[in-house]
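Just so you know, residue 1 is the first one in the sequence shown, and it goes up from there.
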Amino acid sequence: MRQARLHKAYVLWLSLIANPLALAGFFVVVGLILVASFAPLLANHDPILQDLTIVLKPPSAVNWFGTDEFGRDVYSRLVYGARTTLYISVLVTVIVAPIGFAIGATAGYLGGWVDVVLMRITDIFLSFPSLVLALAFSAALGPGIENAVIAIALTVWPPIARLARAETLTFRAADFVVAAELQGAGMGRILFRHIVPLCAPSIIIRLTLNMSSVILTAAGLGFLGLGAQPPMPEWGAMAASGRQYLLDAWWLTTVPGIAILLVSLAFNLLGDGLRDIMDPRNA
């Protein structure tokens, strides 16, 4: 069993290497994780400490990406901002994955009025633009990183539920499901023992592709002051603080903007690559 898993992982890695764009996205994502994990070692200044004697200094050998309007090192804040971005993305995924699967799989397995009710609720959430809905929830809950996570999670779960329902409907009438039902297996056992492993690749791909929208939404909330609150370093808030100095201190907005662009693009490239590799319909 262990050798089979190692062989499968090896084949997956070879397939990833064969896709240069997906491999580039993979390395950027790994880089984000490493930067967030070793932020205290990589940062060369305190990201919160203010020094009004070096306000709005351009990039130099001392301050690689310059300083902001409070004299804080932009590079160090960018490094620590990776932690905030990764924290939001991972926490949203951990919340969304089980909720979306539970709702979608239950609707697809039971059908009938349960399917109608759950899918109409899902349609209501899907009818609103995700960013507008996240802004509404975040404004109602109040500013803060935890409330931003809840607001983003409430807008991200409907596509996961739709996908889980579609996958469950595909396997609902399969022979192994019917055999399990005849042996007395309950709905929970069938869903989590038999259907989850088959739905997992599609859901993982969808969650990876959703990461970019989560990052952009989190940056949008931070830009509007509804996400991470000062003095916590966060890329969207960093871009917002630099917009009034855009002509004189371009690095305040450009540096976090490029970071958001690269990480969002990396998750999209990685998700597309995983879809080509893991989706059996593309085999």
Side-chain angles (χ1 to χ4, degrees), residues 28-95 134-135 138-139 141-153 211-212 214-264 266-267:
V28 172
V29 172
V30 171
L32 173 68
I33 296 173
L34 292 177
V35 169
S37 301
F38 298 102
L41 299 177
L42 296 175
N44 50 18
H45 293 80
D46 189 326
I48 300 177
L49 183 63
Q50 300 181 14
D51 186 353
L52 299 181
T53 62
I54 54 172
V55 171
L56 298 178
K57 291 292 183 180
S60 63
V62 178
N63 304 106
W64 295 349
F65 293 156
T67 61
D68 63 7
E69 68 274 21
F70 296 109
R72 298 174 297 194
D73 183 62
V74 174
Y75 165 74
S76 299
R77 290 182 62 78
L78 188 76
V79 169
Y80 274 89
R83 281 189 165 185
T84 306
T85 298
L86 191 63
Y87 172 78
I88 294 175
S89 302
V90 172
L91 197 55
V92 168
T93 301
V94 169
I95 294 173
L135 288 173
S138 186
L141 295 172
I145 190 169
E146 291 80 11
N147 291 339
V149 168
I150 296 174
I152 297 172
M211 284 289 194
S212 60
V214 170
I215 292 171
L216 290 174
T217 303
L221 294 178
F223 188 89
L224 297 174
L226 296 173
Q229 297 300 294
M232 176 182 289
E234 194 273 328
W235 293 345
M238 290 172 62
S241 65
R243 68 185 186 275
Q244 56 183 326
Y245 307 103
L246 190 58
L247 297 179
D248 299 325
W250 53 267
W251 56 89
L252 294 183
T253 301
T254 303
V255 170
I258 292 176
I260 295 169
L261 171 64
L262 288 178
V263 174
S264 300
F267 275 112

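Every pair passing side chain to side chain donor-acceptor pair (under 3.5 Å) that includes a residue from residues 35-61 is listed here, sequence neighbours excluded: Asn44-Ser76, Asp51-Thr53. Applying the side chain to side chain donor-acceptor pair (under 3.5 Å) definition to pairs two or more places apart or across chains, none involves residues 79-91.
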So Ile145 and Ile88, side chain to side chain contact (heavy atoms under 4.5 Å, CB included) or not? Walk me through it. CA-CA 8 Å; Ile145 190 169; Ile88 294 175; 3.9 Å; yes

Just do the side chain to side chain contact (heavy atoms under 4.5 Å, CB included) check on Asp248 and Leu56 with the steps written out, would you? CA-CA 9 Å; Asp248 299 325; Leu56 298 178; 6.0 Å; no

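Contacts of Arg77 classified as side chain to side chain donor-acceptor pair (under 3.5 Å), with partners at least two apart in sequence or in another chain: none. Take Tyr75 and apply the ring pair (Phe, Tyr, Trp, His ring centres under 6.0 Å) test, not counting sequence neighbours, and it matches Trp64, Phe65. Shown here are the side chain to side chain donor-acceptor pair (under 3.5 Å) partners of Asn147, two or more places apart in sequence or in another chain: there are none.
Between Trp235 and Leu78, the shortest heavy-atom distance links the atoms NE1-O, 3.0 Å. Nearest approach of Ile95 to Ala153, heavy atoms of both residues: CG2-CB, 4.0 Å. The two residues Val35 and Ala82 have their closest heavy-atom pair at CG1-CB, 3.9 Å. The two residues Pro143 and Gly225 have their closest heavy-atom pair at CB-O, 3.7 Å. Closest approach of Leu86 to Leu32, counting heavy atoms only: CD1-CD2, 4.1 Å. Here the closest heavy-atom approach between residue Ser264 and residue Ser212 is recorded as O-CB, 3.4 Å.
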Could you give the side-chain donor-acceptor pairs of residues 249-263 under 3.5 Å, partners two or more places apart or in another chain?
residue	atom	partner	partner atom	Å
Trp251	NE1	Thr67	O	3.0
Thr253	OG1	Ala239	O	3.3
Thr253	OG1	Gly242	O	3.3
Thr254	OG1	Trp250	O	2.7

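Of the inter-residue distances, the one linking Leu91 atom CG with Glu146 atom CD reads 8.5 Å to the nearest 0.5 angstrom.
Residues Arg72 and Pro231 are in side-chain contact: their nearest non-hydrogen atoms beyond the backbone lie under 4.5 Å apart.
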